[in-house]
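A short write-up of the structure that comes next.
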Amino acid sequence: MDHLMQVLHGRGVASGVAMGRVVTMHADLSDIYRFPLAGAEEVGAEVERFEEARRRTSDELRSLRTQVDGELGSDLAAIFDAHLLLLEDASFGKRVVDRIRTEQVNAEWAVHKTVEELEGRFAEIENEYLRERNEDVRDVGRQIMRILRGVSAHELSELGNEVIVVADDLTPSEAVQLGRQGVDGFVLEGGGRTSHTTIIARSLNVPLVAGVAGITGQITDNDPVIVNGDRGEVVLHPTPAMLARYRQQQQQQQEREQEMLATCALAACTRDGVEVSLMANIDLPEEIDEVRRFGAAGVGLYRSEFLYIESSPELPSEDDHLAIYRRIVEVAAPFPAVIRTYDLGGRKLAREVMHTSEDNPVLGLRGIRLTLARPDVFRTQLRALFRAGLHGDLWVLLPMVSAVEEVHRFRAFADEVMAELEAEGVPFARDFKLGIMIEVPGAALTADLLAREVDFFAIGTNDLIQYALAVDRNNEHVADLYQPLHPGILRMLRFVVDSAAAAGIEVEICGEMASDPRYAPLLVGLGLTRLSMSPRQVPEVKTRIRQLEYAALRQLVGECTSLASASEVERHAADFFAARRSAASAPAEESTLRRAQ
Ligand code: PEP
Ligand code: MG
């Protein structure tokens, strides 16, 4: 059957264009995708893989049953009987095996589809007890799936080129894995412009369209699709003409990127001579070489928690930390390297580190709160940091600081760690600059007091906006309220920058706002001269800054901070640039302050 082309709309949050075939994934079972098998031999091997996983799952359930029987009694142990019964039931296995054979698909997909089908049947049963057996079916499916992961699991990269993953949502670590397996594009039902999954997609240069409601129900695996991360569009079943147009656009984009590289040799300087440092945000080792390639002036943020996320469930060793910190400090030279201590928590794997679960982790044990509560974990990181300080200009940054005491406690702990290194005769650098993220509104509003305690501020607008406007940065339902130009945010930024200037300390901005050329005029006008962003964004932001005039921007910012809403700020900036353009016929200064969401 011929399919009609269809265009779905979402938010383009990681730019670029990708074309390929759909592979769908499910948030709770992210490694489920449909993998077509080639020929009878592969089918036989896949059936054996499933049988092996089924045997191992049974063995595991039996030993759990024995353990629970001994410790908690036979009533609770009986829970496992129901699972075992289902798992060993011949018709369950037969359904899965039949599906592998007839559809020639991988075991994960066959289990997933069989569980889905059985769940549907159970849901229709009138008897409540039987209806609730649905849960058992789902649990057994999950357990086989987990075990299958360890039985010669398929890699997405085996699927070949041009894979577009479509999912309800993905965690940052899933995005890292998929991006590294060569996925070309992401389409999500959920997600936000500053979510960590989006940030990872940008780090790996994979286009992402977020907030495409209901897409997982509208597509079928293997459907041809185009992902347009610039326009926030997903084209299903594109016509040949449409595909040709996109291929041409892709080509133009690549040429434009090449041209942009020429800006590396230029200074990020406004027309009236104010120099701005454009630094790099680094999440993954892949980006380290991009720092110099795109002409960044050092590293303004290394999110060290990704080192943990990548090696999870293992904690990185001191040598693992040292190896990457040293590379970062060296690549940044002669500029500074800002390394942020673990910002675990929120949606970033706190449970695995703390073995606790929280109702509201974004307001919970996150960042400096968590590391101070786990000195064993923190010590390893700090030892490596201080050792890495021998190799360049190290700035240490603490995330999620909300109170002065956290800085004091950090300093006391850092002294302890240094005394330890000294006693062991391990060489390390005693001197480093200490800074804090300004991303909690309470910290922003006491920036004048906090400025006495540290050497620099790093403004994290991703969280500052989330916390100040009470808008979850991952939630597509409130994405329109996530407004970087909200007067409340502009006022906080102004206060933080002015407080830093009054205290004579450095201040940088490293939230995603800094990487968007549309915001450059206001950020520079606020007095920010250090902007840190994904290295690939440096050329574009630099080009924008070279068109601006600082003195005029100061005036613009002064006017904007007394306006009543984000849309008034936008409009005012548009008028401002339009007036200047017609007065001085300076075509370069067109307004670019459109809303990002
Ligand atoms: C921020 O909050 O703006 C920030 C840079 O940190 P993260 O995105 O890792 O929370
Ligand atoms: Mg943050």
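In each ligand, atom 1 is the first atom listed, and ligand 1 is the first ligand listed. From a predicted model like this one, the values you see are computed outputs, not experimental measurements.
For M437, the closest heavy-atom approach to ligand 1 falls below 4.0 Å. Proximity of Q466 to ligand 1 is not established, as no heavy-atom distance is less than 4.0 Å.
A salt bridge links R530 to E506: one of the charged nitrogens lies within less than 4.0 Å of a carboxylate oxygen. Of the charged side-chain nitrogens involved, none lies within less than 4.0 Å of a carboxylate oxygen, so that R193 and D516 do not count as a salt-bridged pair. A salt bridge between R180 and E286 is present, with a side-chain N of the basic residue lying under 4.0 Å from a carboxylate O of the acidic one. R379 and E416 are joined by a salt bridge, as a carboxylate oxygen and a charged side-chain nitrogen come within less than 4.0 angstrom of each other. For E330 and R326, the salt-bridge test passes: some basic side-chain N is under 4.0 Å from an acidic carboxylate O.
Under 4.0 angstrom from ligand 1, there are no non-hydrogen atoms of M513.
Short contacts between ligand 1 and E439, defined as distances under 4.0 Å to a heavy atom of the residue, involve ligand atoms 1 (C), 2 (O), 6 (O). For ligand 1, the atoms sitting less than 4.0 Å from at least one non-hydrogen atom of D463 are 1 (C), 2 (O), 3 (O), 10 (O), numbered in the order shown with element in parentheses. Listed by number with element, the atoms of ligand 1 under 4.0 angstrom from any heavy atom of R473 are 2 (O), 7 (P), 8 (O), 10 (O). Using a 4.0 Å cut-off to heavy atoms of T461, the atoms of ligand 1 that qualify are 3 (O). Close approach of ligand 1 to R366 (heavy-atom distance below 4.0 Å) involves ligand atoms 10 (O). If you number the atoms of ligand 1 from 1 as listed, the ones under 4.0 Å from a heavy atom of G460 come out as 1 (C), 2 (O), 3 (O).
Centred on the Mg ion (ligand 2), the OE1 atom of E439 and the OD2 atom of D463 lie at an angle of 100°, reported to 10°.
In this model, no donor atom of one side chain and acceptor atom of the other lie less than 3.5 Å apart for E287 and Y302.
Considering backbone and side-chain atoms together, R340 places an N or O closer than 3.5 Å to an N or O of ligand 1.
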Going by atom type alone, with no hydrogens or angles, which donor-acceptor pairs under 3.5 Å involve a side-chain atom of residues 558-566 and a protein atom two or more places apart or on another chain?
| residue | atom | partner | partner atom | Å |
| --- | --- | --- | --- | --- |
| E559 | OE1 | H572 | NE2 | 2.6 |
| E559 | OE2 | Q555 | NE2 | 3.0 |
| T561 | OG1 | R494 | NH1 | 3.0 |
| T561 | OG1 | V557 | O | 3.1 |
| T561 | OG1 | G558 | O | 3.3 |
| S562 | OG | E559 | O | 3.1 |
| S565 | OG | S567 | OG | 3.3 |
| S565 | OG | E568 | N | 3.1 |

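With hydrogens and angles ignored, the 3.5 Å screen pairs a side-chain donor or acceptor of R202 with a backbone N or O of V13.
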